[in-house]
2 protein chains.
Amino acid sequence: MAKSQDPGAGLTAFHGARHAHTRCVGRALTRAEALCRRRGARLTYMRRRVLELIWDSHKAVKAYDLLDRLSESEKSVRPPTVYRALEFLMAHGLVHRVDSLNAFVGCSGSDEQHNAQFLICQECGEVSEMDGAAIGKAVARQAAEAGFNLRRQTVELHGECPACATR
Amino acid sequence: MAKSQDPGAGLTAFHGARHAHTRCVGRALTRAEALCRRRGARLTYMRRRVLELIWDSHKAVKAYDLLDRLSESEKSVRPPTVYRALEFLMAHGLVHRVDSLNAFVGCSGSDEQHNAQFLICQECGEVSEMDGAAIGKAVARQAAEAGFNLRRQTVELHGECPACATR
DNA sequence: ATCGGATTGTTATAATATAACATTCTTACG
DNA sequence: CGTAAGAATGTTATATTATAACAATCCGAT
């Protein structure tokens with residue numbers, strides 16, 4: 001249940017230097033389109049463009065890097081444009097904000113509401129999303145014990161990904 | 001083991017509107033002094049001043065709020081001064097940065113290295129530090145399963161504290 | 001065809017943080 | 001003591017991240 005049958009495409013795995021990344025991007029865009037259609041939300045040109053750029057790698061991307069890259073292809077783009085697109089994408093769970101990096105990463109989880117946790121490699125910068133049920137439960141339980149009404153969790157784990165750790 | 005014998009002074013508890021807060025501040029300063037003496041670190045006037053201001057409440061404080069408050073008592077203080085004091089205090093584990101708030105909170109944990117987790121009330125803004133062993137273990141285990149070499153964790157839980165939840 | 005809401009453009013600025021170099025303070029040592 | 005060396009702070013400037021406010025445009029429903 002936790003393991004993917006397709007190594008390299010697992011949702012919680014780190015990705016090697018050369019995996020078929022086009023597929024990751026394709027999958028993300030397909031999912032975004034389907035999700036927006038279902039919800040009657042508009043995946044406009046700019047929003048799709050930002051999503052593509054975010055999925056350009058498995059690293060978290062800074063808003064102003066997106067801005068620069070957009071400004072290469074489009075005519076000069078301003079901060080609000082990028083932040084609005086990010087806001088939309090986050091609202092629909094297509095992108096996550098990584099608070100400890102002030103950066104954004106594509107959501108590789110399910111459509112459903114999920115408590116995302118992130119493994120962040122300090123070496124290569126790759127970010128891997130987990131839906132760690134055990135962590136989620138431990139968090140929920142401890143919050144409950146403290147009489148705390150839990151609404152949202154930020155779990156960001158910094159260290160070395162398997163590839164960088166063994167290097 | 002998880003429960004404090006002294007309600008109102010427990011390390012992982014939220015604090016009521018009127019608890020004897022002078023004691024919290026006093027405890028924090030005493031601890032800071034002892035710790036710095038032990039380590040041969042200098043708890044200078046400015047560092048102590050910043051620590052006091054942070055402990056003025058159990059809420060997370062923004063760097064520029066510290067700046068403003070310092071500028072009331074001292075002659076105009078500039079950002080680097082505050083950030084340097086914060087850097088020192090964080091390096092010695094006397095203060096934590098709450099990434100999801102871009103703000104800082106006094107450390108109420110032990111001197112030892114601890115994996116702090118934060119309960120953050122969205123209503124009143126109070127922040128309560130936990131050292132949730134269960135969470136820490138779940139996190140460590142899941143990281144290990146992913147072949148991830150864990151170095152640092154950011155666990156910030158947003159919701160309503162007991163007082164605000166029942167209101 | 002056109003009205004109304006959603007989206008994007010544009011300008012300005014707020015909020016957060018650090019670089020780089022000058023000055024002052026403290027301490028250890030002669 | 002006096003002073004040299006390193007630590008800490010002051011100062012100036014600027015980088016980075018994010019949002020407010022209002023104008024223009026697009027797009028779908030009537």
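Chain letters run A, B, ... following the sequence lines, proteins first, then strands; residues in each count from 1. What you see below is based on every heavy atom in this structure, not just the backbone, and it leaves out hydrogens, waters and symmetry mates.
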I'd like to know whether His58(A) forms a side-chain contact (heavy atoms from CB on, under 4.5 Å) with Ser108(A), so could you lay out the CA-CA distance, the side-chain angles of the two residues, the decisive distance to 0.1 Å, and finally the verdict. CA-CA 10 Å; His58(A) 291 282; Ser108(A) 53; over 6 Å; no
Can you measure [X] atom [atom1] to [N] atom [atom2] for me and round it to whole angstrom units?
X	N	atom1	atom2	result
Asp68(B)	dT16(C)	CG	C1'	13 Å
Leu67(B)	dA15(C)	CG	C1'	12 Å
Glu87(A)	dA6(C)	CD	C1'	13 Å
Asp65(B)	dA14(C)	CG	P	16 Å
Leu70(A)	dT8(C)	CG	C1'	13 Å
Phe104(A)	dT17(D)	CZ	C1'	9 Å

Decide ring pair (Phe, Tyr, Trp, His ring centres under 6.0 Å) for His96(A) and Phe104(A); before the verdict, give the C-alpha distance in whole Å, the side-chain angles of both, and the deciding distance to 0.1 Å. CA-CA 6 Å; His96(A) 293 292; Phe104(A) 303 84; over 10 Å; no
For DNA chain D, report each stem as range with range, ordered by first number, or say none. Use Watson-Crick or G-U wobble pairs under 3.5 Å, at least 3 in a row. C:1-30 with D:1-30
Would you kindly confirm whether Trp55(A) and Leu94(A) end up in one hydrophobic cluster when ILVMFWY residues are joined by side chain heavy atoms under 4.5 Å apart? yes
For Ala60(A) versus Val105(A), what's the shortest heavy-atom pair and its separation? CA-CB, 4.3 Å
Do you know which two heavy atoms are closest between Asp131(B) and Gln117(B), and how far apart they sit? C-OE1, 3.9 Å
Reading nucleotides 5-10 of chain D from 5' to 3' and marking B where a protein heavy atom lies under 4.0 Å of the base, S where only the sugar-phosphate is that close, and - otherwise, the string is --SSBB
For Glu156(B) and Asp99(B), indicate whether the former's side chain and the latter's backbone hold a donor-acceptor pair under 3.5 Å. yes
Keeping the roles fixed (side chain from Lys62(B), backbone from Leu101(B)), state whether a donor-acceptor pair exists under 3.5 Å. yes
Taking only side-chain N and O atoms of Lys62(B), does any of them lie within less than 4.0 angstrom of OP1 or OP2 on dT16(C)? yes
Do Val77(B) and Ser71(B) make a side-chain contact, defined as non-hydrogen atoms from C-beta onward lying under 4.5 Å apart? yes
Would you check if Tyr83(B) stacks with the base of dT18(C), given a 5.5 Å centroid limit and a 30° plane limit, both strict? no
